[in-house]
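Below: one structure, written as structure tokens.
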Amino acid sequence: MMAASSAGDVYGRGMTSQRARDRLVARLRQSGISDERVLAVIGQLPRHLFVDEALASRAYEDTALPIGLGQTISQPYIVAMMTAAILRNGVPQRVLEVGTGSGYQAAVLAMLVPQVHTVERIDELLYSARRRFRRLGLKNIRSRHADGNVGWSEEAPFDAILVTAGADELVAPLLRQLSEHGVLVAPVGPPGQQQLLRVQRDGENWVTEKLGAVAFVPLLGGVV
Ligand code: SAM
């Protein structure tokens with residue numbers, strides 16, 4: 001994943017070491033995450049590089065953390081659950097993420113699927129995420145500064161779409177950018193009542209399943 005010369009910095013030490021990642025994986029397993037592919041990636045990927053240095057020592061707690069500009073890096077349990085939900089029927093070839101944020105979820109996906117597209121509305125966050133992708137040698141991520149409410153039509157269809165910000169309702173253009181049997185995973189519902197939904201497309205039918213209660217930052221419009 002990354003150049004050997006920088007391996008020491010990248011893999012961390014003490015609170016950011018391999019032992020810290022192993023403890024996080026053990027905790028996720030206890031919490032019910034059973035997809036070994038997802039657990040293996042979370043055990044390898046240095047989450048401390050996706051947060052500010054001042055928060056690095058907390059990077060392997062199973063908690064969301066601030067990444068600036070009012071946004072958060074999602075809780076590892078939620079990242080694991082969302083990722084497992086799109087891998088359930090096999091590995092999707094092309095995945096779209098809406099809400100790049102720190103880039104952590106996109107990086108997890110990039111280690112599991114051939115091609116990741118990710119869209120972020122806040123330029124400054126996207127800039128930092130791209131630097132992390134480069135540092136980690138993740139070459140199968142394409143990113144775009146745009147409003148993800150309209151998806152990425154030039155690159156559609158996608159076998160899976162993962163939305164990492166909450167909307168009151170499912171976003172219709174995203175549902176339409178799913179491939180024939182594609183899967184969308186998204187937090188939906190008013191603040192305080194959000195549910196994580198998994199929607200499986202079957203031609204012109206979309207079958208919805210609730211995965212549990214969640215609390216995501218809002219899906220907003222426009223770009224900054
Ligand atoms: N996936 C991220 C990670 O791994 O760090 C966490 C994302 S954070 C919970 C939600 C992100 O969605 C924020 O960075 C926010 O700016 C972004 N966002 C909100 N509305 C958006 C939109 N319409 N289009 C693209 N990104 C959006």
Side-chain angles (χ1 to χ4, degrees), residues 1-87 95 97-113 116 118-120 122 124-141 143 162-165 185 187 196 214-217:
M1 180 169 57
M2 70 267 320
S5 60
S6 61
D9 293 345
V10 164
Y11 288 114
R13 48 184 68 82
M15 299 288 277
T16 61
S17 66
Q18 187 56 46
R19 282 184 64 185
R21 279 183 290 284
D22 291 344
R23 279 196 295 271
L24 172 61
V25 167
R27 186 176 174 146
L28 295 177
R29 222 186 273 283
Q30 278 167 11
S31 306
I33 302 296
S34 59
D35 190 315
E36 292 299 332
R37 299 165 294 183
V38 177
L39 291 170
V41 166
I42 290 179
Q44 285 171 52
L45 191 62
R47 188 171 185 256
H48 63 277
L49 299 185
F50 291 82
V51 296
D52 193 86
E53 240 175 90
L55 288 172
S57 64
R58 300 192 55 203
Y60 299 102
E61 293 175 14
D62 187 20
T63 183
L65 291 169
I67 54 171
L69 301 156
Q71 303 304 320
T72 53
I73 179 173
S74 303
Q75 179 190 355
Y77 174 76
I78 298 293
V79 171
M81 183 165 63
M82 292 177 84
T83 309
I86 65 161
L87 293 176
V95 178
E97 179 198 27
V98 175
T100 314
S102 69
Y104 181 72
Q105 172 75 77
V108 167
L109 291 168
M111 291 170 70
L112 288 161
V113 311
V116 178
T118 183
V119 181
E120 171 58 55
I122 303 179
E124 206 175 315
L125 291 179
L126 189 60
Y127 177 81
S128 300
R130 283 175 173 158
R131 282 184 45 191
R132 295 177 179 122
F133 301 151
R134 275 197 299 277
R135 181 168 180 198
L136 292 169
L138 296 167
K139 297 191 194 316
N140 58 338
I141 304 176
S143 60
L162 210 148
V163 186
T164 67
V185 175
L196 192 61
V214 286
F216 276 81
V217 293

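Along the sequence shown, residues carry numbers from 1.
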Closest approach of [X] and [Y], non-hydrogen atoms and distance?
X: I42; Y: P76; value: CD1-O, 4.3 Å
X: L136; Y: P46; value: CD2-CG, 3.9 Å
X: P66; Y: L55; value: O-CD1, 3.5 Å

Walk me through whether L109 and I86 qualify under side-chain contact (heavy atoms from CB on, under 4.5 Å).
CA-CA 10 Å; L109 291 168; I86 65 161; 3.6 Å; yes
Would you list the atom pairs, donor with acceptor, under 3.5 Å between side chains in residues 99-108 and any protein atom, with sequence neighbours excluded?
from: T100; atom 1: OG1; to: T118; atom 2: OG1; distance (Å): 2.7
from: T100; atom 1: OG1; to: V119; atom 2: O; distance (Å): 3.4
from: S102; atom 1: OG; to: Y104; atom 2: N; distance (Å): 3.1
from: Q105; atom 1: NE2; to: T83; atom 2: OG1; distance (Å): 2.9

CZ/R19: more than 12 non-hydrogen atoms of other groups inside 6.0 Å
no
So with a 6.0 Å cut-off around CD of E36, is the heavy-atom count from everything else above 12?
yes
To the closest 0.5 Å, what do you measure between [atom1] ([X]) and [atom2] ([Y])?
X: N140; Y: L112; atom1: CG; atom2: CG; answer: 10.0 Å
X: I33; Y: I78; atom1: CD1; atom2: CD1; answer: 8.0 Å
X: Y11; Y: H48; atom1: OH; atom2: NE2; answer: 10.0 Å
X: Q18; Y: R23; atom1: CD; atom2: CZ; answer: 10.5 Å
X: S31; Y: R29; atom1: OG; atom2: CZ; answer: 11.5 Å
X: F50; Y: I73; atom1: CZ; atom2: CD1; answer: 7.0 Å

Between R132 (side chain) and L49 (backbone), is there a donor-acceptor pair under 3.5 Å?
yes
Is Y60 reaching over with its side chain to a backbone N or O of R47, donor-acceptor style, under 3.5 angstrom?
yes
List the steps and the verdict of side-chain contact (heavy atoms from CB on, under 4.5 Å) for V51 and R58.
CA-CA 9 Å; V51 296; R58 300 192 55 203; over 6 Å; no
When you compare the side chains of Q30 and R27, does any donor N or O come within less than 3.5 Å of an acceptor on the partner?
no
Output every pair passing side chain to side chain donor-acceptor pair (under 3.5 Å) with a member in residues 67-79, not counting sequence neighbours, ordered by first then second residue.
D62-Q75
Would L45 and R21 count as a side-chain contact (heavy atoms from CB on, under 4.5 Å) here? Give the steps.
CA-CA 8 Å; L45 191 62; R21 279 183 290 284; 5.9 Å; no
